[in-house]
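Each chain gets a letter, A, B and so on, in the order its sequence line appears, and its residues count up from 1. Quick caveat, the model's predicted, so the values are computed rather than measured.
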There are 2 protein chains.
Amino acid sequence: MAANSRLTIAVHALAWLELARRRGRGVLTSDEVAASVNTNPVVIRRSLGRLADAGLLTVRRGTGAGWSLARGAEEITLLEVYDAVDPEPVFALHATEPNLECPVGFGIRPALGHVYGAVELGLRRELARTTVADVLAETLRVKQQ
Amino acid sequence: MAANSRLTIAVHALAWLELARRRGRGVLTSDEVAASVNTNPVVIRRSLGRLADAGLLTVRRGTGAGWSLARGAEEITLLEVYDAVDPEPVFALHATEPNLECPVGFGIRPALGHVYGAVELGLRRELARTTVADVLAETLRVKQQ
DNA sequence: TGCCATTGCAACAGGATCTGTTACAGCCAT
DNA sequence: ATGGCTGTAACAGATCCTGTTGCAATGGCA
């Protein structure tokens, strides 16, 4: 399966919001974020809406509205972003229930669930080690090269 | 996106082949494997064909043909199975190229690629720690409860 | 040599998901 | 009240996953 790009879009938007904040613009509209990500504003609203639900962003409606970071970028880990936008498991179990008459069919799902749980835990631990500020720093470092 | 179940199908088939081998049947047909996984034999051939390409299985054609393990189950890690059947990245970058005029749009892809690479590395390390024999042992342990 | 069980593979269908888009309702600073 | 903006439903095109059918190719065996 081709993976989705939701985490990428969300982190991109957060990094852009942080850079704009440092430049004195604490609030950006969906159109402004979409211009950097190069996609439709509705895609941005879909993504940032989940981040706002999770408390990572605050959103203001009406004239002069837009999105702003609810916390410092160095306090937002990619794990929080992941949980906010992409609560899908990495590996799926069987599409249809296996044959429970077979000892393997009977016991394999909890056994694999165990392994997949450990994998997912490692993935979460890795995502928790990086913040939006880290990503922005690395992003700007690339720019200078 | 919903993840695919290719790794699950492949590990299930390998565990079943190992159990059959211990019971004195070193070769199973696609139909026999499909009966345990509860799917179509063609799905099994698609999956096991990749495992044979990777050298994990040997396949015999013609009358009395079928699949057999090319190595002991304790020598086959889930990482090898993963590499054989599911060479997809976990996270995708942008579907369309971001705006390169924006400093974030310009530098974010290598920055995120860095993070995603580390995540993928952790995932591989975790998968390498478990063998098909481990999964079978856990599977049979569940059976006894 | 001919038969037959079995794999290899192409092709297709149904369902799901992802991304992008349009349209419109709801909100709110001025 | 107006205008600018978000929230969200609905839809389309593309892609992928799973399951299925059909048929060619292989090779053991009589």
Ignoring the backbone of [X], work out which of [options] is nearest its side chain.
X: A:R50; options: D:dT8, D:dT18, C:dC9; result: D:dT8
X: B:R46; options: D:dT18, D:dA10, C:dC9; result: D:dT18
X: B:R45; options: D:dG7, C:dT21, C:dG8; result: C:dG8

* Between the side chains of B:T77 and B:T131, is a donor N or O closer than 3.5 angstrom to an acceptor N or O? ->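 Their side chains do not contain a donor-acceptor pair, so the 3.5 Å distance test is not met.
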Any donor-acceptor pair under 3.5 Å between the side chain of [X] and the base of [N]?
X: B:T63; N: D:dG27; result: yes
X: A:R61; N: C:dG26; result: yes
X: A:R60; N: D:dG4; result: no

* Asked: Starting at the 5' end of DNA chain C and moving along, which residue's nearest nucleotide shows up first, A:I9 or B:A65?
  ->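 Per heavy-atom nearest nucleotide, the more 5' residue is B:A65.
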* Less than 4.0 Å between a side-chain N and a carboxylate O, is that true for B:E80 and B:R124? ->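 The answer is no: the pair does not qualify as a salt bridge.
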* If you look at every strand shown and take non-hydrogen atoms under 4.0 Å, does A:G49 touch a base, only sugar-phosphate, or nothing? ->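 Nothing, no nucleic acid heavy atom in range.
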* To do: Looking at every strand, decide which applies to B:V59 at a 4.0 Å heavy-atom threshold: base, sugar-phosphate, or nothing.
  =>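 Counting heavy atoms under 4.0 Å across all strands, the contact made by B:V59 is with sugar-phosphate only.
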Any [X] side-chain N or O less than 4.0 Å from OP1/OP2 of [N]:
X: A:S30; N: D:dT6; answer: yes
X: B:T96; N: C:dG20; answer: yes
X: A:S5; N: C:dT19; answer: yes

* Indicate yes or no for a side-chain donor-acceptor contact from B:S5 to the backbone of B:T8 under 3.5 Å, with no hydrogens or angles considered. =>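 A pair under 3.5 Å: no.
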* To do: Whole angstrom is fine here: how far is it from CD in B:E97 over to C1' in C:dT19?
  =>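 In whole Å, C:dT19 C1' lies 17 Å from B:E97 CD.
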* Within this structure, what is the CG-to-C1' distance between B:L28 and C:dT6, rounded to whole angstrom? ->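 Computing the B:L28:CG to C:dT6:C1' distance gives 13 Å.
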* Asked: Around atom CZ of A:R60, are there more than 12 heavy atoms of other residues, nucleotides or ligands at under 6.0 Å?
  ->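 12 or below, so no.
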